[in-house]
**Q** 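Please see the structure below; I have some questions.
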Amino acid sequence: MLNFARGRSQARSNRSMPIAVMEYPDPKRKSNIFGKLLMAAALTALCIIMLKHSPSFSTPTHFSRHEKGVTHVLVTGGAGYIGSHAALRLLKESFRVTVVDNLSRGNIGAIKVLQELFPEPGRLQFIYADLGDPDAVDKIFSENAFDAVIHFAAVAYVGESTTDPLKYYHNITSNTLMVPINPYGKAKKMAEDMILDFSKNSDMAIMILRYFNVIGSDPEGRLGEAPRPELREQGRISGACFDAARGIIPGIKVKGTDYKTHDGTCIRDYIDVTDLVDAHVKALQHAKAHNVGIYNVGTGKGRSVKEFIEACKKATGVDIKVEYLPRRPGDYAEVFSDPTKIRRELNWTARFTDLQESLGIAWRWQKAHRNGYSSL
């Protein structure tokens, strides 16, 4: 904030020139005073214009003040796959939303879709910033009145975490201030521990959601998953299946067929993004001050990689070629959730549990957006 002090100029006396016994004002002096006043007015106007265009001088907006009956949510990573779907749901529920994203993994196209859907003033704002920049974070919080934060900003590929572990420790753990077999899981667990330590001396309401393999897309076809091309090799299995179905890659690679499971491939819990977003809204509604809630968000049922690929073949109608390779470092044989606690305390249960149906919805978006959001 800038403090503006208005200077007071000392009044000048009209000096006069004596002529005989009469006094007349000096016309040159009068002209000089008028010119100086005009110059001062012009400079003042120029300063005001410059200050109004300065980032430090801003008129109060809907986002900079608390408003009764309106909950303002900061969504970090809101241009990404899950974050954009969460922002869409919040906007539909009449929340006020600020998205912060550095677009390293997110898509500005997703933000444009949301802006077109909710153009009214005070509904949605996008801030391009990196949460690793403390000055940027301080500025964001000083200029906005947030009621809640949903933190999605992270890098989230297990394979990449094993090849570039320091990126994951820094991005997830440092910037955030139970699958720890790989750097991705370990970094998430460290972030949880930091939050729990912080909560001991805070009156904040904190909810931690642990979720699993996310699939699907917006049922109305407005948003979808559009990973960057350079990350396809490290991306989600659903993205690989769709790329193979579209002929972008020759087929899908299954890494590991000798796990102790019924068909030798890994078993995972696949949760539809619509269900996941619903869990976040429920968590937001049930959050209580001086309390930390930790919940598993999943279907509670595991599906093998082979089962997933078969479902994807049926959803796309393409006989996807499969190549079997050795195990990938950092993978468990089985990972699926126990959602008992979130069902009991938040009254949340996964509803979109038909694997083929979720993949079919996502496939429709993929076909309609062959170049991702750049197709818009």
Side-chain angles (χ1 to χ4, degrees), residues 71 73-118 123-127 148-157 207 209-228 231 235-239 242 269-285 295 297-299 315 342 346 348-355 357-369 372-376:
T71 302
V73 183
L74 167 62
V75 180
T76 69
Y81 168 44
I82 301 172
S84 61
H85 282 78
L88 174 61
R89 171 64 185 274
L90 292 169
L91 289 164
K92 287 173 65 178
E93 297 282 338
S94 299
F95 287 86
R96 178 171 292 157
V97 176
T98 292
V99 169
V100 174
D101 203 301
N102 67 2
L103 300 179
S104 63
R105 301 294 167 94
N107 289 280
I108 193 63
I111 299 300
K112 290 179 180 178
V113 169
L114 295 174
Q115 289 172 334
E116 290 172 3
L117 290 171
F118 302 94
R123 297 302 315 282
L124 169 68
Q125 72 168 335
F126 172 69
I127 300 174
V149 178
I150 301 181
H151 180 45
F152 291 110
V155 285
Y157 296 131
M207 303 292 260
L209 303 186
R210 299 170 175 168
Y211 42 87
F212 296 76
N213 295 60
V214 187
I215 59 172
S217 64
D218 170 40
E220 296 182 44
R222 294 163 294 189
L223 298 172
E225 182 179 11
R228 297 186 180 280
L231 295 172
R236 295 179 176 87
I237 185 174
S238 56
F242 294 146
D269 191 341
Y270 297 98
I271 180 169
D272 192 287
V273 68
T274 301
D275 279 331
L276 178 60
V277 168
D278 186 57
H280 281 81
V281 173
K282 287 282 180 68
L284 191 62
Q285 293 169 342
Y295 301 96
V297 184
T299 65
I342 193 170
L346 304 189
W348 177 90
T349 302
R351 295 177 296 145
F352 301 93
T353 57
D354 187 313
L355 196 57
E357 182 180 352
S358 291
L359 290 171
I361 291 171
W363 175 238
R364 287 201 298 270
W365 190 89
Q366 294 286 328
K367 288 195 297 181
H369 301 82
Y373 286 104
S374 60
S375 302
L376 297 176

**Q** Please round to the nearest 0.5 Å and tell me the distance separating atom NZ of K112 and atom OH of Y373.
**A**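 Between K112 NZ and Y373 OH, I get 12.5 Å after rounding to 0.5 Å.
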**Q** Closest heavy-atom contact between G78 and D101?
**A**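 So the minimum-distance heavy-atom pair works out to N-OD2, 3.5 Å.
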**Q** Using 0.5 Å steps for rounding, measure from the CD1 atom of I271 to the OH atom of Y211.
**A**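 With rounding to 0.5 Å, CD1 (I271) is 9.5 Å from OH (Y211).
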**Q** Can you name the nearest heavy-atom pair linking A79 to A110, along with the distance?
**A**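 Taking every non-hydrogen atom into account, O-CB, 4.0 Å.
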**Q** Measure across A315 and G360 and return the closest heavy-atom pair with its distance rounded to 0.1 Å.
**A**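 Minimum heavy-atom contact is CB-N, 3.7 Å.
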**Q** Side-chain contact test, heavy atoms from C-beta onward, threshold under 4.5 Å: evaluate it for L91 versus L117 and give yes or no.
**A**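 Answer no - side chains too far apart.
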**Q** Below 4.5 Å, heavy atoms only, C-beta onward: do L90 and L284 meet side chain to side chain?
**A**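 Answer yes - side chains close enough.
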**Q** Would you say the rings of H85 and F152 are close, in the sense that their centroids are separated by under 6.0 Å?
**A**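 Between F152 and H85, the centre distance exceeds or equals 6.0 Å.
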**Q** Just so I know, are the side chains of L114 and F126 near enough to count as touching, which here means a heavy-atom distance under 4.5 Å?
**A**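 Side-chain contact under 4.5 Å: no.
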**Q** With Y270, which of L359, T353, T299, N213 fulfils side chain to side chain contact (heavy atoms under 4.5 Å, CB included)?
**A**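 The side chain to side chain contact (heavy atoms under 4.5 Å, CB included) with Y270 is passed solely by N213 among L359, T353, T299, N213.
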**Q** Return the minimal non-hydrogen interatomic distance between V99 and A87, and the atom names on each side.
**A**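 That closest heavy-atom pairing would be CG2-CB, 4.3 Å.
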**Q** Would you call V97 and F118 a side-chain contact if the rule is heavy atoms closer than 4.5 Å?
**A**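 No. Closest side-chain heavy atoms not under 4.5 Å.
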**Q** How many angstroms lie between CD in Q125 and CZ in R96, if you round to the nearest 0.5 Å?
**A**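 Going from the CD atom of Q125 to the CZ atom of R96 covers 9.5 Å.
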**Q** Drop me the distance from H369's NE2 to L223's CG, to the nearest 0.5 angstrom.
**A**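 H369 NE2 to L223 CG: 8.5 Å, rounded to 0.5 Å.
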**Q** For residues 270-285, which residue pairs qualify under salt bridge (charged side-chain N to carboxylate O under 4.0 Å, His left out), counting only residues two or more places apart or in two chains?
**A**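 Only R89-D278 qualify under salt bridge (charged side-chain N to carboxylate O under 4.0 Å, His left out).
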**Q** When rounded to the nearest 0.5 angstrom, what is the spacing between CD1 in I150 and CD1 in I82?
**A**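 These two atoms lie 12.0 Å from each other.
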**Q** Are the side chains of V113 and L88 in contact, using a 4.5 Å heavy-atom criterion?
**A**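 No - every pair of side-chain heavy atoms lies 4.5 Å or more apart.
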**Q** Distance from I111 atom CD1 to S84 atom OG, nearest 0.5 Å?
**A**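 It is 7.5 Å, given to the nearest 0.5 Å.
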**Q** Donor-acceptor pair, distance only, cut-off 3.5 Å: does the side chain of N107 make one with the backbone of G109?
**A**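 Pair absent, no side-chain N/O of N107 close to backbone of G109.
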**Q** I'd like to know if the side chain of Q366 reaches the main chain of E225, judged simply by a donor and an acceptor atom lying under 3.5 Å from each other, with no hydrogens or angles considered.
**A**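 Yes; at least one donor-acceptor contact below 3.5 Å.
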**Q** Of all heavy-atom pairs between W365 and S217, which one has the smallest distance, and what is that distance?
**A**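 Answer, listing the atom of W365 first, then S217: CB-OG, 4.1 Å.
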